[in-house]
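Right, one structure below, let's go through it.
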Amino acid sequence: MRLSRYFLPVLREDPKEAEIASHRLMLRTGMIRQEAAGIYSWLPLGFRVLKKIENIVRREQERAGSIEMLMPTIQPAELWKRSGRYDDYGKEMLRIADRKEHELLYGPTNEEMITDIVARFVQSYKQLPLNLFHIQWKFRDEIRPRFGVMRGREFLMKDGYSFDLTREDGEHAYNKMFVSYLRTFAAMGLKAIPMRAETGPIGGNLSHEFLILADTGESQVYFDAAFHEKDWSTFELDYDDREAVAAVVREFTSMYAATEEMHDPERFEREVPEGRRVSGRGIEVGHIFFFGEKYSRPLGAKVLGPDGNEHYLQCGSYGIGVSRLVGAIIEAGHDENGIIWPAPVAPFHVGLINLRQGDDATDAACERLYEQLSNAGLEVLYDDTGERAGEKFARMDLIGLPWQVIIGPRNVKDGMAEIKDRATGARENVPLEFVASVMTERLAAVLS
Ligand code: 5CA
């Protein structure tokens with residue numbers, strides 16, 4: 001992408017309304033624009049990151065055996081009256097009436113709708129297990145939308161739902177999602193610590209939240225420092241191997257970790273040696289629930305079992321805050337100059353900076369590099385504007401692409417390019433003809 005033809009409305013000043021780094025940086029870099037409290041437009045740069053996160057989530061869901069579909073944002077109230085949640089949800093639910101005075105609502109989650117779909121089409125245990133997910137916008141009329149996309153009113157969620165015959169099968173489905181969440185967040189460069197959680201309006205008695213540590217997180221968390229020493233990169237396993245999947249869950253739930261609501265100070269002191277007790281703030285990026293028959297009973301989702309009897313389905317639901325993750329990743333990765341994207345979710349891989357736009361030799365070298373890098377499959381944002389070098393450097397640092405390739409007249413004369421690593425600030429000179437292969441290798445190393 002040529003910056004001269006792109007839409008990147010970077011702000012010069014820090015927006016006053018932003019209280020935390022991610023919100024400030026998302027507004028400054030022109031990733032989002034607020035349309036109403038907690039409601040945002042996703043401008044091109046932000047949209048690219050959102051899609052990258054969505055694709056990682058999708059890939060890991062599919063790997064764990066979940067099947068993608070799409071349900072609407074607008075739902076009939078009648079479904080929610082059947083589960084009893086229409087009244088329970090209170091003012092957080094946005095209620096709408098259409099021209100025929102039919103009661104509708106903007107979905108805050110989809111347990112009712114998916115259970116109704118499954119009830120209609122699944123009649124036999126032979127059609128199980130079933131795990132379905134979608135990635136769709138939700139609306140919750142939060143009392144205090146704040147921190148930009150972190151607590152929005154309209155937000156993008158991956159919500160998945162499992163349906164099984166027995167409690168044991170249902171727990172395996174839950175465990176699979178538990179492991180897939182560890183994998184999903186690790187693939188974005190995050191360590192998300194699973195913590196026992198309250199179930200709130202979703203219900204059930206088995207639930208974990210996944211939190212990443214950040215000073216600006218909304219939750220107070222307590223955990224064992226042993227989590228810091230865990231290897232988060234190795235969750236290669238066969239998802240059908242129940243014991244292997246359960247072993248990972250045991251390993252990650254054997255260490256103390258709890259949010260404020262579930263925290264037990266006595267147990268914390270008893271189980272965790274003093275030097276390893278950590279408390280801090282966390283951002284909830286995912287939440288999984290197992291609630292058995294809570295929705296399958298009122299919505300009549302039952303199958304004929306191998307014993308010839310009817311059984312209500314054993315169900316769970318699994319959420320990931322896709323749009324919240326954009327903010328959370330920035331909270332976890334930024335410095336005084338701007339964002340530092342992990343390569344897998346970066347809007348572009350490389351920022352190519354032309355220091356002397358209009359100088360024939362420099363322009364030609366940049367054009368050649370732009371073509372070579374793009375042909376090698378790298379996503380390049382080419383700063384071909386006529387602005388001063390200082391402005392180009394500052395803007396490129398601000399938007400935080402993992403690597404910068406810097407070309408000025410002197411480099412061209414020497415046949416060299418300067419490559420800067422945004423995270424470490426390290427700079428090195430690489431012969432122009434090797435830039436594409438060096439960058440391809442670097443990218444492959446961090447994406448694998
Ligand atoms: N039905 C269940 C799981 S599918 C559910 O709705 N769970 S949830 O309420 O915990 O939401 C799932 C995830 O969505 C949360 O972990 C969080 O990351 C994200 N989320 C929830 N509320 C908001 C919000 N107001 N703004 C941004 N993200 C949110």
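Numbering of ligands and ligand atoms starts at 1, following listing order.
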Inset, instruction - With heavy atoms of Arg151 as the reference, note each atom of ligand 1 found under 4.0 Å away. - result: 26 (N)
Inset, instruction - Quick one: look up the protein heavy atom nearest atom 27 (C) of ligand 1 and list residue, atom name and how far away it is. - result: Met150 O, 3.4 Å
Inset, instruction - Give the numbers and elements of all ligand 1 atoms closer than 4.0 Å to a heavy atom of Glu111. - result: 1 (N), 2 (C)
Inset, instruction - Within a distance under 4.0 Å of any heavy atom of Gly286, pick out the atoms of ligand 1 and give their elements. - result: 16 (O)
Inset, instruction - Indicate yes or no: does Arg395 engage Asp383 in a salt bridge with an N to O separation below 4.0 Å. - result: yes
Inset, instruction - Considering only non-hydrogen protein atoms, determine which one is nearest to atom 6 (O) of ligand 1 and report residue, atom name and distance to 0.1 Å. - result: Arg140 NH2, 2.7 Å
Legend entry - Heavy atom of the protein closest to atom 19 (C) of ligand 1 (residue, atom name, distance): Gly321 CA, 3.6 Å
Inset, instruction - Using a strict cut-off of less than 4.0 Å between a Lys/Arg side-chain nitrogen and an Asp/Glu carboxylate oxygen, indicate whether Glu236 and Arg183 qualify as a salt bridge. - result: yes
Inset, instruction - Flag the pair Asp141 and Arg95 as a salt bridge only when some basic side-chain nitrogen lies within less than 4.0 angstrom of an acidic carboxylate oxygen. - result: no
Legend entry - ligand 1 versus Val149: contacting region, heavy-atom distance under 4.0 Å: backbone
Legend entry - Sub-4.5 Å side-chain heavy-atom contact between Arg140 and Met157: yes
Legend entry - atom 5 (C) of ligand 1: nearest protein contact (heavy atom, Å): Ile202 CD1, 3.7 Å
Inset, instruction - Examine the proximity of ligand 1 to Glu209 and report which part, side chain or backbone, both or neither, has a heavy atom under 4.0 Å away. - result: neither
Legend entry - atom 4 (S) of ligand 1 [closest protein heavy-atom partner, distance rounded to 0.1 Å]: Asp159 CB, 3.3 Å
Legend entry - Protein residue, atom and distance nearest to atom 22 (N) of ligand 1, heavy-atom basis: Phe155 CZ, 3.5 Å
Inset, instruction - Flag Tyr161 as yes when one of its N or O atoms lies below 3.5 Å from any N or O atom of ligand 1, and as no otherwise. - result: no
Inset, instruction - Identify, by atom number and element, the atoms of ligand 1 in contact range of Val285, meaning under 4.0 Å from any of its heavy atoms. - result: 16 (O), 18 (O)
Inset, instruction - On the 0 to 90° scale, with breaks at 30° and 60°, tag the Tyr89-Trp80 ring pair as parallel, tilted or perpendicular. - result: perpendicular
Inset, instruction - List the atom of Ala244, the atom of Leu237, and the distance in Å for their closest heavy-atom pair. - result: O-CD2, 3.9 Å
Inset, instruction - Distance to 0.1 Å, residue and atom name: give those for the protein heavy atom nearest to atom 15 (C) of ligand 1. - result: Glu284 OE2, 3.1 Å
Legend entry - Carboxylate-amine/guanidinium proximity below 4.0 Å for Glu112 and Arg85: yes
Legend entry - From Glu142, Met157, Glu154, His287 - option closest to atom 11 (O) of ligand 1 by heavy atom: Met157
Legend entry - Phe178: which of Phe252, Phe185, Phe210 passes ring-ring contact (aromatic ring centres under 6.0 Å, His included): Phe210
Legend entry - Mutual orientation of the aromatic rings belonging to His263 and Tyr256 [parallel < 30°, tilted 30-60°, perpendicular > 60°]: perpendicular
Inset, instruction - State plainly whether the residues Lys52 and Glu379 are in salt-bridge range, i.e. N to O under 4.0 Å. - result: yes
Legend entry - His228-Asp224 side chain donor-acceptor pair, cut-off 3.5 Å: no
Legend entry - Nearest non-hydrogen protein atom, atom 26 (N) of ligand 1: Gly152 N, 3.1 Å
Inset, instruction - Give the contacting part of Tyr318 toward ligand 1: side chain, backbone, both or neither, where contact means a heavy-atom distance below 4.0 Å. - result: backbone
